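Hydrogens, waters and symmetry mates play no part in the numbers below; they use all other heavy atoms, side chains included. Keep in mind that this is a model prediction, so the values were computed, not measured. Numbering of ligands and ligand atoms starts at 1, following listing order.
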Amino acid sequence: MNRRKFISLSGIAGITYLYPQALTGAGLFQPANEDFIVTVNGAIGINQLGVTLAHEHIITDFAGAEKNLIPIYTDNEAIRKLLPYLLELKKTGVSSIVECTPAYIGRNVILLKALSLASGLHMVTNTGYYAAVGHKYLPKHAFIERAEQIAQRWLSEWQNGIDGTGIRPGFIKLGVDAGPLKEIEKKMIRAAAITHAGSGLKIFIHTGDAAAAREEAAILVKEGIGHEAMIWVHAQNDVSGDTQIELAKKGCWISLDGVNEQASSLDKYTGFITRMKREGLLHRLLISHDDGFSVEKAGNLSVFNPYQNGNTYPYSSLFTKLKSALLQKGITQQEFDNIITKNPAEALKIKICKAAKG
Ligand SMILES: [Zn+2]
């Protein structure tokens, strides 16, 4: 019997989308009538995500779109470099990483799957394009095609898997510079709206400033997409924090994802987060480091350089530094646990609304 499932489209009433066949893999959770999250190993239940770093990178290649069409390193080289960090993370209680490297900046889903299986960490990858940094990371077709055509490419990754791997995206990742948004950035947001409507995938947007974030939210609403589908990536760029509060009240997710070990950073983040608490908005908050490695070639050797965005050791300051600073300022252990466990699961959650036999 051919069972088919349909998922709901958050923000768009009355439309259903055909649930992809064979979404599960590696013997993991088979969604029945439950909401789910899509990892590189297939779908899992939202309670399986556990402690999650909501915005990190494994390997990025900053050469520019279509410069290196295949990775300039071998997966074995990357695994040798990265796996020790991931095994350590797993030991400290982290269960999942949301890997935010888009296509054309080094997304390598085969590597993510290998690292996920070797480390025991869930990893979630993405579809979508990154239009920030002066469009350096957009492929040629992004300039030519309409939003509907671009969305079709992203939906194809959702339906069929990425580049023939069978590995599916668990969210949409975009990037835009500071506002006012340029036409091509707006087109990417409209393409994301169409993709969300056809898949339920949430929309993570790397955003230059508060003005850009407001514009993104307005475009999504105009396209019929609810605020809860938008994750404002790098909301810390809103220095006053006022727009964080404004958009969180509307339902947007606020991703404060540049946590590092410097005292000035810890002060800034505790300030933002305690304000979110006073406003009753901690349930809209994501925190992470935006750590990772960029790859370069040095002769025949692949060199993986840590970003070192204020962190001497990647992926850890949230637990070794920020947590105690937050607890001292009145954030409770339960609230901290919710921010790093419940919130990422809610942000990534894809809803099933009904199942039908066909
Ligand atoms: Zn990032």
Inset, instruction - Could you check Thr101 against Glu99 for side-chain hydrogen bond (donor to acceptor under 3.5 Å, both in side chains), going step by step and ending with a plain yes or no? - result: CA-CA 6 Å; Thr101 307; Glu99 213 283 343; 2.8 Å; yes
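- Because the distance cut-off is set at 2.8 Å, Glu56 fails to qualify as a neighbour of the Zn ion (ligand 1), as none of its N, O or S atoms comes that close.
- For residues 62-92, the ring pair (Phe, Tyr, Trp, His ring centres under 6.0 Å) pairs, not counting sequence neighbours, are Tyr73-Phe304, Tyr85-Phe293, Tyr85-Tyr313.
- Distances from the Zn ion (ligand 1) show that Cys100 has no N/O/S atom below 2.8 Å.
- Aromatic rings of Trp154 and Tyr129 (six-membered ring for Trp) have centroids within the 6.0 Å cut-off, being under it.
- No more than 12 heavy-atom neighbours from other residues, nucleotides or ligands sit within 6.0 angstrom of NZ on Lys329.
- When distances from the Zn ion (ligand 1) to the N, O or S atoms of Asp290 are compared, OD1 comes out shortest.
- Among the atoms of His206, no N, O or S atom is found under 2.8 Å from the Zn ion (ligand 1).
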